[in-house]
Amino acid sequence: MTTPGAISPEDLESVITRGVSEIISQEEFVRLLKSGKKLRLKMGFDPSRPDIHLGHVVGLRKLRQLQELGHQVILIVGDWTAQIGDPSGQSATRTMLSHAQVLENAESYLRQFFKVVDQTRAQVIYQSEWFGDFGLAKVLELTGKFTVAQFLQRADFAQRFADQKPIAITELLYPLLQAYDSVAIESDVEFGGTDQMFNLLVGRELQGMMGQTPQQCFMMPILVGTDGVQKMSKSLDNYVAVDESPVDMYGKLMSVPDDQIISYFEYLTDVPMAELAALRHDLQNNSLNPMEPKKRLAWDVTNQFHDREAADAAQAHFERVVQGRGLPTDISEVSLGDLRSQGIVVGNEVRVDDLMLAAGLAPSKAQVKRLLSQGAVERIIQGGEPQPVTGGEAGYLLQPGDLLKVGKRRFVRLTAP
RNA sequence: GGAGGGGUGGGUGAGUGGUUAAAGCCACCAGACUGUAAAUCUGGCGUCCGGAAGGGCUUCGCAGGUUCGAAUCCUGCCCCCUCCA
């Protein structure tokens, strides 16, 4: 294990530039890194959102990198702030979570968190440890340190105020609680996305007010989602979850727009920057088909969250099913017996449209018809060639071995009872 | 305490009595193209019956009402928000 303080110029360069949006202040941060102190790296987690996607991974990788340099990660479970709901971004009111729910979410979150962060060099603390019996006197003391005008500086508050949109008082409290966390754990550096800048700075300020050394604020860039436009987020459904199956993870990464390839490489892999520069160059003058580096990216990330075999398999699947329009190796199956119990089997045969519905390939009969009329459905009888099935001939499929293909990559095999 | 704005399909957001299963945009699905689940183009996008033509049913916060006919008008209720004090 590395001793804190000993850091090569290359590592230092990487720490402060790669996958970094801004560091406040960078000079102080560098000084801290070189000081030999084992730094306390703070990261907060809102238990109302237990899912981690690649957008979060950018920061987690940074934490991991610093762990490798000998520093300590402290993950704070925001069981109190979750009840408020961080107004950053959206203003939707959150429902309060039960304690049991918080624990459940935290457990799920941690499982994903430690796929990137080293558990042996991390500590998990619940906010309730200090907020559990935080008296009104202390609340008043805390709120007394800041003014409304200061908080209205924050971009989204200012915007909402100008738009005459609601701002709950508890929302103003959110940055304060988060800031107090920094005091409670004596954080040296806090991590967050660029949208967290205000909150991180309040922490920095509060620590100073309370006689501590102000933390450094480390902000990560926002990763663009698979739509290539908006930030990756679950609610926009443009995310790649850390929990994703290898095939889906690989496939979703292949659906990232070509012009995001380089930044995905930069934020999510260890491919050297020099190599990325060359890649970018080749892409710009069209001497490289974007598909190639994208495959490499998809493989690399899939490998990180699964393993080499899974990544290879995912790639093979992609090449066979998507590029080669072939059949996947494992196809979900529906048995004639199950269908029979649904009363849609005649003799030993099932109608294509009934099967589509029963196998969940379409949510409604109307959708089934649309797919049929759009030429999206093919049947493959006993290893033969795919035959298009059109609206009129919602015909019959024999039992074992027959396959149904819907769209480019959804398959079902009909099996005997 | 007073004044006012608003609740529409997954998301935005039009629509103030029929031509509105409800514009546009986004998302999504499919097809073409590209041997990328990129980009682009085309089409689709409540649901049920029907081979189709077509026809039912359900939908615009909730519950009633007016009308031949209501997302649109009336009454009551619920919810959200803003401003003034």
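Lettering follows sequence order; numbering is per chain, from 1.
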Can you check the distance between B:C48 and B:G35, where both ends of the measurement are the C1' atom (answer in whole Å)? 41 Å

Protein-nucleotide distance (A:Gln230, atom CD; B:C25, atom P), rounded to Å: 17 Å

Calculate the interatomic distance between A:Met254 atom CE and B:A37 atom P; express it in whole Å. 7 Å

Base, sugar-phosphate, or nothing: which does A:Gly228 touch, judged by heavy atoms less than 4.0 Å apart? nothing

All N/O contacts under 3.5 Å from nucleotides 42-46 of chain B to the protein, with atom names and distances to one decimal?
{"from": "B:G43", "atom 1": "N2", "to": "A:Gln374", "atom 2": "OE1", "distance (Å)": "2.8"}

Of the listed nucleotides (B:A38, B:C49, B:A37), which one gets closest to any side-chain atom of A:Asp258? B:A38

Does the ring center of A:Tyr126 lie less than 6.0 Å from the ring center of A:Phe131? no

Give the rounded distance in Å between these two atoms: NZ of A:Lys408 and C1' of B:C33. 10 Å

Quick one: look up who B:C68 pairs with, Watson-Crick or G-U, both distances under 3.5 Å, and put none if it's unpaired. B:G18

What is the separation between atom OH on A:Tyr239 and atom C1' on B:C28, rounded to the nearest whole Å? 14 Å

Rounded to whole angstrom, note down the C1' distance from B:U34 over to B:G46. 34 Å

Between B:C62 and B:A39, how far apart are the P atoms? Round to whole Å, please. 37 Å

B:U16 to B:C60 separation - C1' atoms, rounded to the nearest Å: 13 Å

Out of B:A38, B:A30, B:U36, whichever nucleotide has its closest atom nearest the side chain of A:Ser255: B:A38

Looking at every heavy atom in both A:Val321 and A:Arg409, which two are closest together, and how far apart are they? CG1-CB, 4.0 Å

In whole angstroms, the gap separating P of B:A52 from CG of A:Asp353 amounts to 10 Å

Is the A:Phe45 to A:Phe113 ring centre distance short of 6.0 Å? no

Need one value for A:Tyr250: base, sugar-phosphate or nothing, where a base atom within 4.0 Å counts as base even if backbone is also close, heavy atoms only. nothing

Across all strands shown, which nucleotide pairs with B:G9 by Watson-Crick or G-U wobble geometry, both distances under 3.5 Å? none

Would you please say whether a donor-acceptor pair under 3.5 Å links the side chains of A:Gln342 and A:Asp338? no

Which value, in whole Å, describes the distance between the C1' atoms of nucleotides B:C78 and B:A30? 42 Å

Distance check, rounded to the nearest 0.5 Å: A:Leu201 atom CG versus A:Gln196 atom CD? 10.5 Å

Can you measure A:Leu371 atom CG to B:A30 atom P for me and round it to whole angstrom units? 7 Å

Both distances below 3.5 Å, Watson-Crick or wobble geometry, any strand: find the nucleotide opposite B:A39. none

Roughly how many Å is it from NE2 in A:His317 to C1' in B:A37, rounded to a whole number? 11 Å

Can you find a donor-acceptor N/O pair under 3.5 angstrom joining the side chain of A:Lys365 to the base of B:G50? no

Salt bridge or not between A:Lys145 and A:Glu205? Use side-chain N to carboxylate O under 4.0 Å. no

Nearest heavy atom decides the nucleotide; on that basis, is A:Pro290 or A:Leu357 closer to the 5' end of RNA chain B? A:Pro290

Contact class for A:Val256 vs. all strands (heavy atom < 4.0 Å): base, sugar-phosphate, or nothing? sugar-phosphate

Taking the cut-offs as 6.0 angstrom to the six-membered ring centre and 45 degrees off its axis, would you call A:Lys138 and A:Tyr180 a cation-pi pair? no

Whichever of A:Asp259 and A:Arg410 has the more 5' nearest nucleotide on RNA chain B, that residue is A:Arg410

Please report the C-alpha distance between A:Arg18 and A:Glu266 in whole Å, then the side-chain angles of each, then the deciding distance to 0.1 Å, and finally whether the salt bridge (charged side-chain N to carboxylate O under 4.0 Å, His left out) criterion is met. CA-CA 7 Å; A:Arg18 183 162 188 167; A:Glu266 179 181 346; 5.6 Å; no

When all nucleic acid strands are considered with a 4.0 Å heavy-atom cut-off, which category describes A:Val247: base, sugar-phosphate, or nothing? base

What about A:Lys294, does its side chain sit under 3.5 Å from the base of B:U36 through a donor-acceptor pair? yes

At less than 4.0 Å, is any side-chain N or O atom of A:Lys369 found next to OP1 or OP2 of B:G50? Yes or no. no

What is the nucleic acid contact for A:Gly251, judged by heavy atoms within less than 4.0 Å: base, sugar-phosphate only, or nothing? base

Of the listed nucleotides (B:A37, B:G31, B:G35), which one gets closest to any side-chain atom of A:Ala376? B:G31

I'd like to know whether A:Phe146 forms a side-chain contact (heavy atoms from CB on, under 4.5 Å) with A:Leu206, so could you lay out the CA-CA distance, the side-chain angles of the two residues, the decisive distance to 0.1 Å, and finally the verdict. CA-CA 9 Å; A:Phe146 294 89; A:Leu206 185 66; 4.0 Å; yes

Of the options B:U36, B:A30, B:U34, whose atoms approach the side-chain atoms of A:Arg325 most closely? B:U34

From CD1 of A:Ile261 over to P of B:U36, roughly how many Å is that when rounded to an integer? 13 Å

